[in-house]
Amino acid sequence: MSEPHPIPPSQYLVLDDRIIDEVIAAELTLGTITKHPQNPFFGEDKPWEPRFDNVYANVIYDVEDTLYKCWYNPFIIDERVTHTPPEKRHPDWSNYMDVKPNAREMGICYAYSVDGIHWEKPELGLVAFDGSKQNNILMRRINGAGVFKDERETDPAKRYKMFFCGEPHMTVAFSADGLHWGEPLPIPQVEAHGTHPNAFWAETLGKYVGITRQHARNIRLVTRTESPDFLHWTPDKSILEGPNPCLQAHDMIVFPTCGIYIGMLGMMVYPEDSNIDVKQHVELAWSPDTVQWHRIQEGVPFIGHTASDTERYGAMPYDWGTIFPSVSIFFDDEVRIYYGAGDGYFFNWRKGYLALATLRPDGWAGYEPITTDMPAVITTQPLTFDGTSVGITADVSDGGSVRVAILDKAGNQLASSQLVRSTVTDCRVKWELSQNLTNLRGKEIRLRFQLHNAKLYAFQTGTESG
């Protein structure tokens, strides 16, 4: 198995338009997601899992324990499901929201995996359900939660943190092992609105940031709160919303990488003639500070649904209707994005699962030529050259190439690379004429990338490791 991938401090994603000065004959397009061939991994197979609903999975790879860990948030009681025969659990028979009785309760459950593919739901003996503690339930009455292991935390009792929807406020809790949790502590400044909240330490800001949701004008809004200590939080403020009531921002999973913040935005898509046949896919956004957000190819799914070759409901693929991602896990050879998947409409009968999509390293979005008969040229803003080499991450098709040039601030060429003719990840380019770049260290330069049948995702300036 590959090792977790540390992000160098001088690595830049080209989707960050602050570092791009000029773009000629190029367009920024989304990266390519690959769904795992063994999807889905697990589903609703326990008596306390009548309906996964959105799953709201939180998956980490724990380097210390060499284990994948998943905290997920199913309905542990849903009488709409348990009081309805299986043959009637689809839209042809009845609408899910109209079935009575409707007693419901959500909880946090735990699963683990050695390889990230085959999962176990351990009998933890912690929380009673139907007279028994032989289950994998950690908490009850939680409607959406974000769980993470805080690697910078010095207090062992607070190593694991939970940011969740309590009643009626957002709430936090702490744990030493991710299984035994302390007393929930409400955040009175932030109301809870049943979504997939998530929180993390924002290194560039020196504080914790929490992402959750509000409702206004009958539209869902993604909101943000912050805290210096995970205990005292500011009132949440809106940071992102959909363009209209038919395209609403349901949730957003946020995490840092390469000096910026990636947002995987869950978009609810309402047909104009129905409030029932709603689906949800994932789009991509980024932010320099977790406050101001920029959409990439707005309206185009980053993680989309698996299409069905039939309209028969029973044949719908596992993620035909809904997709809810977890925070990404970074490895040397790929990015893993676990997600909750549903095979039906958002507001109707559907089975739920845990699934996995992968992405090439740094492959969130990249520049590629608009046409095949003209090279794309991307020139950066002035950057401090803090090393002696340049690395690039790019997909290069047959017959394609990438060339890198170093320019001074005035645009005069100082060095030119040999052509890179294959797909690479952080590949250090070789310079024509064996050029020595040590005299440029600490100076401001620009980089110019020329692309033929290639897509550039990221670049790095700095001394080559090893």
Side-chain angles (χ1 to χ4, degrees), residues 51-58 73-75 78 80 95-98 102-106 108 141-146 162-172 184 186-199 209-227 233-254 263-283 285 287 290-293 295 298-299 321-325 340 342 344-348 350 352:
R51 179 175 166 101
F52 269 7
D53 206 57
N54 303 333
V55 188
Y56 292 157
N58 305 276
N73 190 200
F75 281 101
D78 188 340
R80 287 185 177 124
N95 181 272
Y96 174 74
M97 301 299 287
D98 292 337
N102 61 359
R104 309 177 91 189
E105 180 189 334
M106 298 183 78
I108 293 292
R141 291 174 289 278
I142 293 177
N143 186 8
M162 185 185 301
F163 180 69
F164 64 94
C165 297
E167 296 178 356
H169 300 111
M170 292 300 300
T171 304
V172 298
I187 307 170
Q189 297 86 356
V190 184
E191 291 186 8
H193 288 281
T195 185
H196 189 182
N198 56 112
V209 171
I211 305 295
T212 184
R213 190 182 73 198
Q214 291 180 356
H215 289 80
R217 310 179 307 278
N218 286 328
I219 294 178
R220 295 166 178 83
L221 311 173
V222 176
T223 63
R224 174 191 181 277
T225 176
E226 61 183 48
S227 169
W233 295 82
T234 60
D236 59 325
K237 296 182 179 180
S238 174
I239 53 174
L240 198 150
E241 65 180 274
N244 58 63
C246 291
L247 293 169
Q248 296 192 28
H250 180 275
D251 57 87
M252 187 164 65
I253 301 299
V254 177
M264 290 192 289
L265 177 63
M267 292 299 297
M268 294 181 70
V269 182
Y270 284 78
E272 292 185 2
D273 59 350
S274 173
N275 286 324
I276 298 174
D277 297 343
V278 176
K279 299 177 75 172
Q280 170 144 331
H281 63 248
V282 176
E283 298 185 17
S287 172
T290 73
V291 178
Q292 300 296 322
W293 287 89
R295 307 279 296 276
E298 183 173 345
T322 59
I323 295 174
F324 294 86
Y345 290 119
F346 190 103
F347 292 121
N348 225 312
R350 53 186 159 106

Keeping the roles fixed (side chain from Arg224, backbone from Val209), state whether a donor-acceptor pair exists under 3.5 Å.
no
Indicate the atoms forming the closest heavy-atom contact of Leu221 with Ala216, along with that distance.
CD1-CB, 3.5 Å
Evaluate the side-chain proximity of Val190 to Thr212: yes if any heavy-atom separation is below 4.5 Å, no if none is.
yes
Side-chain (Asp53) to main-chain (Pro74) donor-acceptor, under 3.5 angstrom
no
Measure from the side-chain N and O atoms of Ser287 to the backbone N and O of Gln292, and report whether any donor-acceptor pair falls under 3.5 Å.
yes
Asn218 atom CG, over 12 foreign heavy atoms within 6.0 Å:
no
Minimum heavy-atom distance between Glu241 and Arg220, given as atom pair plus value
CB-O, 4.2 Å
May I ask you to test the Cys165-Met106 pair for a side-chain heavy-atom distance under 4.5 Å?
no
Please lay out, stage by stage, how Asp251 and Val222 fare under the test side-chain contact (heavy atoms from CB on, under 4.5 Å).
CA-CA 6 Å; Asp251 57 87; Val222 176; over 6 Å; no
Please step through side-chain contact (heavy atoms from CB on, under 4.5 Å) for the pair Ile239 and Ile211, ending with a clear verdict.
CA-CA 9 Å; Ile239 53 174; Ile211 305 295; 4.0 Å; yes
I'd like to know if the side chain of His196 reaches the main chain of Ala145, judged simply by a donor and an acceptor atom lying under 3.5 Å from each other, with no hydrogens or angles considered.
yes
Examine distances only and state if a side-chain atom of Asn54 and a backbone atom of Tyr56 form a donor-acceptor pair shorter than 3.5 Å.
no
Identify whether NZ of Lys or CZ of Arg in Arg80 sits under 6.0 Å from the centre of the six-membered ring of Phe75 and within 45° of that ring's axis.
no
Main-chain N/O of Ile142 paired with Asn73 side-chain donor or acceptor, under 3.5 Å:
yes
Does any non-hydrogen side-chain atom of Asp236 lie less than 4.5 Å from one of His193?
no
Crowding at CD, Glu105 (>12 non-hydrogen neighbours, <6.0 Å)
yes
Return yes if a side-chain donor-acceptor contact under 3.5 Å exists between His281 and Glu283, otherwise no.
yes
Quick check: closest heavy atoms across Met97 and Phe347, and the distance to 0.1 Å?
CG-O, 3.6 Å
Could you report the tightest heavy-atom contact between Gly210 and Trp233, atom names first, then the distance?
N-CZ3, 3.6 Å
Could you pull out the closest heavy-atom pair between Asn58 and Gly146, with the gap in Å?
OD1-CA, 3.4 Å
Is the positively charged end of Arg350 above the ring of Phe346, judged by distance under 6.0 angstrom from the centroid and angle within 45° of the axis?
yes
Specify the closest pair of heavy atoms between Phe164 and Val172, including all atoms of both residues, with the distance to one decimal.
CE2-C, 3.9 Å
Distance from Met267 atom CE to Gln248 atom CD, nearest 0.5 Å?
8.0 Å
